[in-house]
2 protein chains.
Amino acid sequence: MPATIKDVAKLAGVSISTVSRVINDSKPVSQEVKKKVLDAIEELGYRPNEIARTLVTKKSFLIGIIVTDIGNSYVAQMVRGIEEVGKMYNYDILLCSSYGDKETELRFIQLLNRKQVEGIILLSEIVNKEVKEQIELLKIPFVYLNRYFFIEHFPTVSINDYDASYEMTRYLISLGHKNIAYVTTNEEVEYSLEKLKIAGYRKAIEELGESDEILCFTKGYNIEDGYEIGKDVLNLKKDLNITAVFCSHDELAIGLMNYFYDNSIRVPEDISVSGYGDIKIASIYRPRLTTIKEPYYDIGAVAIRRIIKEIKGEEMDKSHIKLPFQILTRESCTKIEK
Amino acid sequence: MPATIKDVAKLAGVSISTVSRVINDSKPVSQEVKKKVLDAIEELGYRPNEIARTLVTKKSFLIGIIVTDIGNSYVAQMVRGIEEVGKMYNYDILLCSSYGDKETELRFIQLLNRKQVEGIILLSEIVNKEVKEQIELLKIPFVYLNRYFFIEHFPTVSINDYDASYEMTRYLISLGHKNIAYVTTNEEVEYSLEKLKIAGYRKAIEELGESDEILCFTKGYNIEDGYEIGKDVLNLKKDLNITAVFCSHDELAIGLMNYFYDNSIRVPEDISVSGYGDIKIASIYRPRLTTIKEPYYDIGAVAIRRIIKEIKGEEMDKSHIKLPFQILTRESCTKIEK
DNA sequence: TTGAAAGCGGTACCAC
DNA sequence: GTGGTACCGCTTTCAA
């Protein structure tokens with residue numbers, strides 16, 4: 001059994017109130033008494049029980065985060081940002097992985113609530129409106145992070161996807177590309193962020209006025225889905241003479257490039273490929289992937305900062321925080337000769 | 001303020017003991033009373049406060065894990081295994097990232113202890129003997145995971161590195177390679193696992209008896225370190241006619257292959273490259289990397305299972321659990337013509 | 001089957 | 001400055 005505050009008090013020959021005062025530095029204690037207490041603490045190896053402390057103060061210094069899968073590199077980056085900033089404010093992270101299951105997300109929200117977390121960050125990849133209701137009942141600081149969907153009027157942080165998509169398309173055009181395919185997921189769902197991104201792409205294509213938009217739909221968001229679409233893209237190349245492919249997620253771009261590699265299509269000589277996200281592998285893969293940098297770490301950092309502010313009772317500035325993005329020009333895209 | 005057990009008791013017109021009994025199902029309660037309580041719980045949206053519960057039961061259902069960096073894919077995989085199995089037993093994960101700092105590791109151990117975690121998994125990349133002392137003082141179930149070093153008599157789980165290294169070298173030899181360089185970190189530290197791995201490699205080379213061992217030292221374990229060694233490896237190729245490189249970590253292999261790509265050396269046509277670990281990127285990269293599969297997920301899963309067993313008071317079988325590995329033959333290594 | 005009460009390890013208010 | 005004590009929300013004897 002570890003030593004308690006009582007043990008310390010007894011050994012030091014003082015009351016537990018006094019011990020509490022010295023460990024919290026909450027009220028003045030005379031030098032001599034302080035020393036006695038400190039000695040007793042040292043001797044017993046006493047460490048305050050945070051659980052007991054939390055029970056009375058209501059401050060658990062815990063923030064719960066529900067992620068889809070920490071194995072996704074972008075998720076890991078966000079979690080890094082969340083944890084690192086959290087630690088700066090003495091907050092610890094309770095990690096839960098939902099693996100994309102709706103019910104699990106809901107269950108974890110309850111779980112975290114019971115564990116008395118002071119805030120929750122939900123890093124989701126699905127749209128789950130029940131979460132919205134549940135969360136609102138909890139009356140707990142909350143941020144919703146989702147790379148694919150949005151829920152209206154829900155606190156979140158991201159880049160401006162419309163602008164990012166527009167800028168990337170403009171960049172490809174600036175390289176001389178005219179027939180540019182946009183590869184995305186076949187998501188006709190109401191809340192898909194892809195709508196914004198497609199709109200950005202579309203605007204740039206329309207401004208160019210020399211070609212039509214070419215949309216190419218995958219089954220999902222993964223590397224495998226990118227790989228599977230390879231054949232279709234090749235047909236597009238043949239039929240519509242596309243010279244560049246703008247993938248709505250790096251994963252799709254990597255999958256596509258793998259397909260090209262396996263089929264002896266050279267990137268970027270035969271076709272340019274760009275991505276979206278700048279996940280870790282984008283700069284490791286060869287050729288390195290031209291992409292849009294979504295600042296995952298910062299998104300996490302800002303999210304938790306927001307939560308901590310709210311815990312401290314500060315008013316929230318605005319619901320949707322938008323962070324700057326960056327077009328990263330690398331070797332997977334090249335100029336086209338006129 | 002959320003409802004407490006008292007609120008429920010009052011509303012249901014029973015004592016808090018009774019409420020406690022129905023929520024824990026710990027002692028018989030008459031059907032009618034039970035229903036009243038359940039209704040009250042429902043009406044108030046009551047959820048038991050786990051903190052209060054923990055204070056009396058001493059069971060926090062929390063396991064602390066200290067990692068170097070969740071951004072490393074192998075770390076993320078281990079954490080997945082840890083969390084998933086933990087959840088099966090109702091345990092939650094408190095995540096702390098040390099970023100390889102000794103002092104931080106130590107601090108987190110104290111932190112986790114104060115938060116009353118029931119066990120700790122330290123996923124380290126450095127050797128820190130003070131940790132050993134600290135941990136032992138805590139008298140708390142503990143597992144030490146380290147890909148690079150070991151601490152004697154410390155509970156851990158890994159593959160048999162000597163065997164794995166031996167098998168991989170044998171595989172390369174079976175492809176016809178004779179002059180095989182082993183790329184590793186220049187770690188003359190006492191507790192480096194590299195010693196084992198080098199010994200395995202050496203044994204296979206000696207058994208072949210047709211060539212000498214060729215050791216090649218990098219500055220560290222990262223992709224960049226692998227890249228930097230590229231030039232040296234090329235010289236080895238010229239001078240000693242090496243045809244295969246066995247890298248002690250996938251990261252080094254990927255870095256090396258990047259160097260080769262950037263310098264127009266073809267893998268595997270000009271040189272075969274193999275890795276160690278099977279991190280995520282190994283099977284995504286092109287050419288896919290031949291490597292040794294370290295079952296990261298399983299390592300994490302076994303680690304936490306061990307901890308939970310110990311929490312439950314079961315005796316520990318043995319200190320060092322060894323899991324099976326696998327030689328994954330992919331395209332980065334090819335047969336050599338005689 | 002139910003209730004009263006002690007106590008888990010702290011904090012904080014109130015007296016002195 | 002210091003000690004006494006109520007209380008945080010719950011579990012768990014012990015009696016009734």
Side-chain angles (χ1 to χ4, degrees), chain A residues 1-41 44-62 90 110-118, chain B residues 1-38 40-41 44-62 90 110-118 138:
Chain A
M1 275 292 123
T4 74
I5 198 169
K6 278 183 192 165
D7 302 322
V8 176
K10 194 181 293 174
L11 182 60
V14 299
S15 73
I16 62 167
S17 318
T18 303
V19 177
S20 176
R21 279 169 200 133
V22 349
I23 60 184
N24 292 306
D25 213 23
S26 48
K27 289 213 171 165
V29 175
S30 71
Q31 278 307 314
E32 33 183 357
V33 173
K34 191 171 198 165
K35 183 168 182 336
K36 277 198 294 185
V37 172
L38 259 16
D39 287 349
I41 288 178
L44 295 170
Y46 168 74
R47 297 282 173 270
N49 180 329
E50 294 292 338
I51 294 288
R53 203 175 246 177
T54 297
L55 186 58
V56 20
T57 61
K58 307 286 177 230
K59 291 204 64 57
S60 66
F61 284 103
L62 244 33
N90 287 316
Q110 294 302 336
L111 173 77
L112 292 171
N113 180 236
R114 287 204 306 272
K115 292 248 180 193
Q116 309 299 117
V117 299
E118 296 184 50
Chain B
M1 275 295 123
T4 73
I5 198 170
K6 278 185 193 165
D7 302 323
V8 176
K10 195 181 293 174
L11 182 61
V14 299
S15 74
I16 61 168
S17 320
T18 303
V19 178
S20 175
R21 280 170 199 131
V22 350
I23 58 184
N24 293 306
D25 212 24
S26 48
K27 291 217 172 164
V29 174
S30 71
Q31 280 305 316
E32 32 183 356
V33 174
K34 191 170 194 166
K35 183 170 182 337
K36 277 198 295 184
V37 172
L38 258 16
I41 288 177
L44 295 170
Y46 168 74
R47 296 282 173 270
N49 180 329
E50 293 293 339
I51 293 289
R53 202 173 248 179
T54 297
L55 186 57
V56 20
T57 61
K58 307 286 177 227
K59 292 205 61 58
S60 65
F61 285 102
L62 243 33
N90 287 316
Q110 294 302 337
L111 173 77
L112 292 172
N113 179 234
R114 287 203 306 271
K115 293 248 180 191
Q116 308 299 116
V117 299
E118 295 184 51
L138 259 34

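Throughout, a chain's letter reflects where its sequence line sits, starting with A, and its residues are numbered from 1.
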Problem set entry | Contact under 4.0 Å: Lys6(A) side-chain N or O vs dC8(C) OP1/OP2 | yes
Seminar exercise, completed: By nearest-heavy-atom nucleotide on DNA chain C, the more 5' of Arg53(A) and Ser30(B) is Ser30(B)
Problem set entry | Integer-rounded Å distance: dG7(C) P and Ile51(B) CD1 | 23 Å
Problem set entry | Heavy atoms of other groups near Lys35(B) NZ, more than 12 under 6.0 Å | no
Seminar exercise, completed: When Leu112(A), Val117(A), Thr54(A) are each screened for side chain to side chain contact (heavy atoms under 4.5 Å, CB included) with Leu62(A), the one that passes is Val117(A)
For this session: Output the residues of residues 15-26 of chain A in contact with DNA chain C, where contact means a heavy atom of the residue under 4.0 Å from an atom of the strand; sort by number or write none.
Result: Ile16(A), Ser17(A), Ser20(A), Arg21(A), Ile23(A), Asn24(A)
Exercise. In whole Å, what is the span from the NZ atom of Lys115(A) to the C1' atom of dC10(D)?
Worked result: 15 Å
Exercise. What integer distance in Å separates Lys58(A):NZ from dG10(C):P?
Worked result: 16 Å
For this session: Walk me through it: do Ser17(B) and Ser20(B) pass the test side chain to side chain donor-acceptor pair (under 3.5 Å)?
Result: CA-CA 5 Å; Ser17(B) 320; Ser20(B) 175; over 6 Å; no
Exercise. So, Glu50(A) and Arg53(A), do they make that salt bridge, N to O below 4.0 Å?
Worked result: yes
For this session: Would you indicate which nucleotide in dG10(C), dC10(D), dT11(C) comes nearest to any side-chain atom of Tyr46(A)?
Result: dG10(C)
For this session: Specify the separation, in whole Å, of atom NZ of Lys10(A) and atom P of dG3(D).
Result: 15 Å
Exercise. dC8(D), dT2(C), dT11(D): which one has an atom nearest the side-chain heavy atoms of Val33(B)?
Worked result: dT2(C)
For this session: For Lys27(B) and dT13(D), give me the distance from atom NZ to atom P, rounded to whole Å.
Result: 7 Å
Problem set entry | Nucleotide dC8(C), atom P - distance to CG of Asn49(A) in whole Å | 12 Å
For this session: In whole angstrom, give the distance that lies between atom CG of Leu55(B) and atom C1' of dG10(C).
Result: 8 Å
For this session: Round to the nearest Å and state the distance from Arg47(B) atom CZ to dG9(D) atom P.
Result: 17 Å
